[in-house]
2 protein chains.
Amino acid sequence: MQPDGSPPRSESRADDVAAWESVRDRLRARGLRWTPQRRALVAVLSQTRGHVTGADLIERCREQDPSTIPSTVYRTLDVLEDLGIVRHGHGPDGREEYHVLPDAEHGHLHCRACGAAWEITKDEGATIVASLEAARGFAVDLSHVTIVGRCRSCR
Amino acid sequence: MQPDGSPPRSESRADDVAAWESVRDRLRARGLRWTPQRRALVAVLSQTRGHVTGADLIERCREQDPSTIPSTVYRTLDVLEDLGIVRHGHGPDGREEYHVLPDAEHGHLHCRACGAAWEITKDEGATIVASLEAARGFAVDLSHVTIVGRCRSCR
DNA sequence: GCCGTTGTTGCAACTCATTGCAGCAAGCGG
DNA sequence: CCGCTTGCTGCAATGAGTTGCAACAACGGC
Ligand SMILES: [Mn+2]
Ligand SMILES: [Mn+2]
Ligand SMILES: [Zn+2]
Ligand SMILES: [Zn+2]
């Protein structure tokens with residue numbers, strides 16, 4: 001129930017390092033290639049935790065290499081998402097947001113009035129997931145869920 | 001639990017006619033103006049039921065008047081949403097979708113695998129709304145909720 | 001180390017949506 | 001009917017993201 005102020009960057013933890021180092025092999029295991037452009041994006045991602053937009057990532061890649069091309073970044077993000085390395089959701093405006101190495105799967109809650117945001121933890125989300133599972137046999141992707149409304153203090 | 005195949009257009013019902021006719025007065029009551037551009041969009045909307053994207057609406061306005069300007073349409077949609085005449089949600093890709101005179105407030109459910117879509121009825125949504133209300137005092141806007149995952153037959 | 005296959009990149013064009021601003025006009029008051 | 005105020009429109013620029021395609025290059029095989 002804390003406002004969502006997760007810092008965009010932080011130092012990598014030891015077990016995260018391993019996760020990033022495996023990316024190359026995971027790509028090659030699927031017949032995909034380990035290119036300089038992908039290396040660059042993975043390097044940026046490995047310095048990142050929490051939430052980032054595609055545009056953020058492009059900007060950060062450009063800091064390293066100004067010749068970075070947006071479509072390449074977005075296509076690489078698609079590939080990394082297929083591999084389960086990142087996941088995306090959408091802000092209240094529909095804009096994409098990537099979850100990078102989240103400590104736990106979670107959704108998002110946004111107050112339309114004050115703009116504050118919170119994470120919907122896996123526990124809290126369980127109610128939602130269970131109800132659609134029971135009613136329709138539907139498997140909810142909690143990390144893609146964004147719920148908008150008014151928070152307690154704005155009501 | 002029917003796939004969401006709501007037809008984009010249909011004849012207006014008697015009580016809907018009244019709703020659209022009141023738009024002019026509702027605008028003026030707020031000190032806003034009843035312009036030819038707004039008249040045109042309201043005319044298009046009054047021929048519409050179910051879900052439409054902003055781009056759809058622009059296209060339909062252009063059929064009547066090719067000089068229609070996108071920003072004017074989007075701004076008018078914002079005004080109409082303020083007045084509670086339309087509401088928007090977002091598709092799984094984040095693109096805007098307007099609900100026009102829905103029979104009842106509802107959310108949306110999309111299968112990532114087969115692309116099928118369903119409405120989350122107010123009853124079904126009640127579980128979600130109630131859990132966030134109880135846990136956080138948060139008032140969920142069900143019509144803005146889009147949940148993505150895998151449907152029973154795609155699992 | 002060279003070659004060929006095929007996954008990737010760069011690029012340009014395009015879609016959807018938003019914003020700042022100057023000129024325009026709806027609607028009110030006289 | 002006229003003029004003023006102020007909300008609205010048109011337009012041009014901008015931002016986010018996607019797509020088709022031809023040239024390129026990763027990397028497995030020889
Ligand atoms: Mn929205
Ligand atoms: Mn999505
Ligand atoms: Zn709030
Ligand atoms: Zn499905």
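As the structure is a prediction and not an experimental result, all values here were calculated from the model. Naming: A, B, ... by sequence-line order, numbering from 1 per chain.
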What's the shortest heavy-atom distance between A:Leu142 and A:Ile120, and which atoms? CD2-O, 4.2 Å
With distance as the sole test, does A:Asp56 use its side chain to make a donor-acceptor pair with the main-chain N or O of A:Thr53 at under 3.5 Å? yes
In whole Å, I'd like the distance from the CG atom of B:Asp25 to the P atom of C:dA26. 17 Å
Might you list the N or O atoms of the protein lying below 3.5 Å from N or O atoms in nucleotides 28-30 of chain C, with each pair's distance?
from	atom 1	to	atom 2	distance (Å)
C:dC28	OP1	B:Arg28	NH2	3.1

Taking C:dC16, D:dA16, C:dA12 as options, the one with an atom nearest any side-chain atom of A:Tyr74 is D:dA16
At 4.0 Å (heavy atoms only), tell me whether A:Ser71 reaches a base, stays on the sugar-phosphate, or touches nothing. base
Is there side-chain contact between B:Ile128 and B:Ile147, with at least one heavy-atom pair below 4.5 Å? yes
Considering just the side-chain nitrogens and oxygens of A:Thr35, establish if one lies under 4.0 Å of OP1 or OP2 belonging to C:dT8. no
Contact residues, residues 76-91 of chain A to DNA chain D [heavy atom, < 4.0 Å]: none
So does B:Arg24 reach the base of C:dG27 with its side chain, donor to acceptor, closer than 3.5 Å? no
Summary of ring-ring contact (aromatic ring centres under 6.0 Å, His included) pairs that have at least one residue in residues 119-143 of chain A, sequence neighbours excluded: none
About how many Å separate CD of B:Gln64 and CD of B:Gln47, when rounded to the nearest 0.5 Å? 8.5 Å
Give a yes or no answer on whether the side chain of A:Thr48 reaches the backbone of A:Val44 with a donor-acceptor pair at less than 3.5 Å. yes
Given B:His144, which of B:His106, B:His88, B:His99 fulfils the ring-ring contact (aromatic ring centres under 6.0 Å, His included) condition? B:His88
B:Ser22: side-chain contact (heavy atoms from CB on, under 4.5 Å) partners, not counting sequence neighbours: B:Arg26
Round to a whole Å and report the spacing from CD1 of B:Ile69 to P of C:dA17. 16 Å
d(CD, B:Glu96; P, D:dG17) in whole Å: 14 Å
Closest to the side chain of A:Gln37, out of C:dG27, D:dA26, C:dG10, is C:dG10
B:Leu27 has an atom CG; how far is it from atom P of C:dA25, in whole Å? 19 Å
Under the rule for side chain to side chain donor-acceptor pair (under 3.5 Å), what residues qualify as partners of A:Glu97, not counting sequence neighbours? none
What is the distance, to the nearest angstrom, from the CD atom on B:Glu59 to the C1' atom on C:dA17? 16 Å
Counting heavy atoms from C-beta on, name the nucleotide in D:dG10, D:dA26, C:dC16 closest to the side chain of B:Arg95. C:dC16
Nearest to the B:Arg75 side chain among D:dC11, D:dT19, C:dT9, which nucleotide is it? D:dC11
Would you kindly give the CD-to-C1' distance between A:Glu97 and D:dG17, to the nearest whole Å? 15 Å
Taken to the nearest whole Å, CG/B:Leu41 to C1'/D:dT9 is 14 Å
Just by distance, do the side chain of B:Arg152 and the backbone of A:Arg136 share a donor-acceptor pair under 3.5 Å? yes
Considering non-hydrogen atoms only, spot the tightest contact between B:Pro92 and B:Thr146 and give its length. N-CG2, 4.4 Å
Please write out the pairs of protein N or O atoms and N or O atoms of nucleotides 4-7 of chain C separated by less than 3.5 Å, giving the distance to one decimal.
from	atom 1	to	atom 2	distance (Å)
C:dT6	O2	A:Arg33	NH1	3.0
C:dT6	O2	A:Arg33	NH2	3.0
C:dG7	O4'	A:Arg33	NH2	3.4
C:dG7	N3	A:Arg33	NH1	3.2

For B:Trp34 and for B:Pro70, locate the closest nucleotide of DNA chain C by heavy-atom distance; then report the residue assigned to the nucleotide nearer the 5' terminus. B:Pro70
Could you tell me how far apart A:Ile58 (CD1) and D:dG15 (C1') are, to the nearest whole angstrom? 11 Å
Report yes or no: does A:Thr76 contribute a side-chain atom to a donor-acceptor pair with the main-chain N or O of A:Arg38 at less than 3.5 Å? no
